[in-house]
Amino acid sequence: TSGPDPRPPAPAAAAAQTTLTTLSVWRQLYERDFPLYKQPLEVGCFSLDSRRRFFNDARQLRYYVAPERKIPNFDLRAGYRERFVRRDDGVKEGLDHILRWILANRAKLQAPDAAAASPPDCALGVDFVTWRGHLTKLLTTPYETREGWLLAATRLRGTLYVSEVETDAARAERLARTERHSEMMYWGYKFEQYTCAAEPRGRPDEGGVVNTNEAFCTVVRTRLANHRLLFSGEVDCRDADPRAPPGPACYLELKTSAEICTAKQRSNFHRFKLLKWWAQSFLPGVPRIVAGFRDNDGMVVSVETYQTSKISQLIKNEYNCWKPTVCMNFCSDFLSFVQSVATEDDPRVVYLFSWEPHKEVSYTVHRDTQYCFLPDWYLREMTH
Ligand code: 0WD
Ligand code: CA
């Protein structure tokens, strides 16, 4: 990630008025003051059940149960063969669940202040609708050296919808996934099972089935510079104390990571992993991240809680480390780039933004193709 970054900005990057054909990811361009980022406000939530069915409620929200022992010795391999139902990640859902939530909650979105601030052609009162995970990828792009991305954008009634398209490289990696890698993906979900209860005063059900179709997602509204955002992200659990503040302040993100034994491992953890963890939780305003550190056999040997707001302090001693302001300014400038490029208000037109490490962000325009992602049921409701 944060190695040397010697490339100069493209000449065009200096001129902000005209529509650029590419956007530079050169870090120094984004070392400005931290942009406005309004405290994310939870405007709703939804749940996906064991069969991936949508519910406009919090039925899948779970409650955090701190491990009883300092060395928990949770066995993350337990149940991988017998008690694991894996979501079919070949099924591309696009923004469908968020769109369902929008249709079920249109009245809420038209809050008085939102309606007043938005032009009449902007039916939802927001500029962007997307997944939190897509924004996380944007935040980390200036430091990413391995994986590129493809983001499809389409404009409908003034709002830009942004949905990821799987890259050829990501698809090849998914299809070539080894058994070991597949099992290690399970470990994260198994850790959730050891530390979450279905009821506020319940206990974890260690012997239950891990089903990755199930999800609880928060929907938040916020503003990045002049961009009004509506996005959703999966939330692992909340503080079990009923006196805890409402979401997102009561939410916790759960993570697993290899135990840190050497200075080199600690440095890598700070430079690479904490960047991704910070970006993912900062966006929706999730204040705490609980990390289970495991050995190579999948035994959790320690648990640590990180305050999202303190992570950037923690990494400041690393040489040439990532900076939150670069992440946020790049994301803001990318959204401005999308605004300037994706001008035609037509769900049959998709602007495909593409980025590969060591390159600039570029785009192509597609009319009436397989890239169209707003479903007919959504278009019928939104345009009648
Ligand atoms: O690219 C994405 N973000 C995709 C998300 C692609 C396909 C599906 N999804 C779905 C997820 O299944 C989930 O319902 O969107 C929802 C989550 O969206 P998000 O919060 O915007 O995604 P992200 O922040 O990347 O991931 C949050 C959590 C992950 O937790 P960790 O601790 O590993 O970051 O959502 C889960 C995972 O638990 N998750 C997924 N689960 C199954 N299949 C997937 C996936 N493809 N991506 C994330
Ligand atoms: Ca997690």
Side-chain angles (χ1 to χ4, degrees), residues 40 42 45-55 60-62 64 76 84-101 128-140 144 147-152 161-167 170-171 173-175 177 181-182 184-196 210-220 229-238 247-248 251-257 272-286 288-292 294 303 305-306 308 373:
E42 181 173 69
C45 64
F46 58 86
S47 294
L48 304 173
D49 74 0
S50 59
R51 291 160 60 187
R52 207 72 182 164
R53 289 176 302 192
F54 174 95
F55 295 90
Q60 294 288 352
L61 175 57
R62 293 174 300 175
Y64 180 62
L76 300 180
F84 179 29
V85 178
R86 189 185 357 206
R87 189 183 82 92
D88 180 356
D89 50 14
V91 177
K92 299 302 168 199
E93 300 172 327
L95 301 182
D96 291 8
H97 299 306
I98 303 178
L99 304 180
R100 269 186 219 293
W101 181 89
F128 289 92
V129 169
T130 192
W131 280 109
R132 177 269 308 275
H134 303 353
L135 295 172
T136 306
K137 285 195 178 172
L138 289 169
L139 260 63
T140 58
E144 180 63 49
E147 288 172 12
W149 46 252
L150 285 170
L151 290 169
Y161 296 78
V162 177
S163 181
E164 188 173 44
V165 174
E166 190 174 48
T167 62
R171 178 181 155 80
E173 194 163 300
R174 173 168 60 82
L175 297 175
R177 208 177 280 156
H181 186 205
S182 176
M184 287 176 70
M185 290 174 74
Y186 168 79
W187 291 0
Y189 296 105
K190 186 65 187 176
F191 181 63
E192 295 175 10
Q193 193 187 52
Y194 280 116
T195 52
C196 292
V210 170
N211 187 324
T212 59
N213 287 296
E214 297 174 1
F216 167 78
C217 295
T218 181
V219 183
V220 302
L229 314 179
L230 180 77
F231 60 85
S232 176
E234 191 172 326
V235 169
D236 293 324
C237 59
R238 60 158 284 161
Y251 293 150
L252 286 96
E253 172 65 34
L254 303 175
K255 293 288 182 200
T256 56
S257 194
F272 304 108
K273 205 154 243 184
L274 280 185
L275 164 60
K276 298 207 166 153
W277 290 7
W278 170 80
Q280 184 188 41
S281 286
F282 177 77
L283 280 164
V286 171
R288 283 177 292 169
I289 303 167
V290 175
R294 48 97 191 146
V303 174
T305 301
Y306 295 91
T308 308
F373 62 87

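Just so we're clear, the structure is a prediction, and the values are computed from it rather than from any experiment. For ligands, and for the atoms within them, numbers begin at 1 and follow the listed sequence. Below, each value reflects all heavy atoms present in this structure, side chains not excepted, and no hydrogens, waters or symmetry copies.
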Report task. Tally every protein N/O/S atom whose distance to the Ca ion (ligand 2) is less than 3.0 Å; waters are neither shown nor counted. Result -> 3

Heavy-atom donor-acceptor pair, [X] side chain to [Y] backbone, under 3.5 Å:
{"X": "S232", "Y": "C217", "answer": "no"}
{"X": "W131", "Y": "G94", "answer": "yes"}
{"X": "S281", "Y": "W278", "answer": "no"}
{"X": "T212", "Y": "R87", "answer": "yes"}
{"X": "R52", "Y": "N213", "answer": "yes"}
{"X": "E144", "Y": "E147", "answer": "yes"}

Report task. Kindly indicate whether a cation-pi arrangement holds for K190 with Y194, taking the cut-offs as under 6.0 Å to the six-membered ring centre and within 45° of the axis. Result ->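 Here K190 passes the 6.0 Å and 45° test against Y194.
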
Query raised in the report: Stepwise, does the side chain to side chain donor-acceptor pair (under 3.5 Å) test hold for Q280 with T136?
Result: CA-CA 5 Å; Q280 184 188 41; T136 306; 5.6 Å; no

Query raised in the report: Are Y161 and F373 near enough that their ring centres are under 6.0 Å apart?
Result: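 No, the ring of Y161 stays outside the 6.0 Å limit from the ring of F373, centre to centre.
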
Query raised in the report: ligand 1: which residues have a non-hydrogen atom closer than 4.0 Å?
Result: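 Residues L48, R52, R87, W131, R132, G133, H134, E164, Y189, S232, G233, E234, E253, L254, K255, Q280 each place a heavy atom under 4.0 Å from ligand 1, listed by chain and number.
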
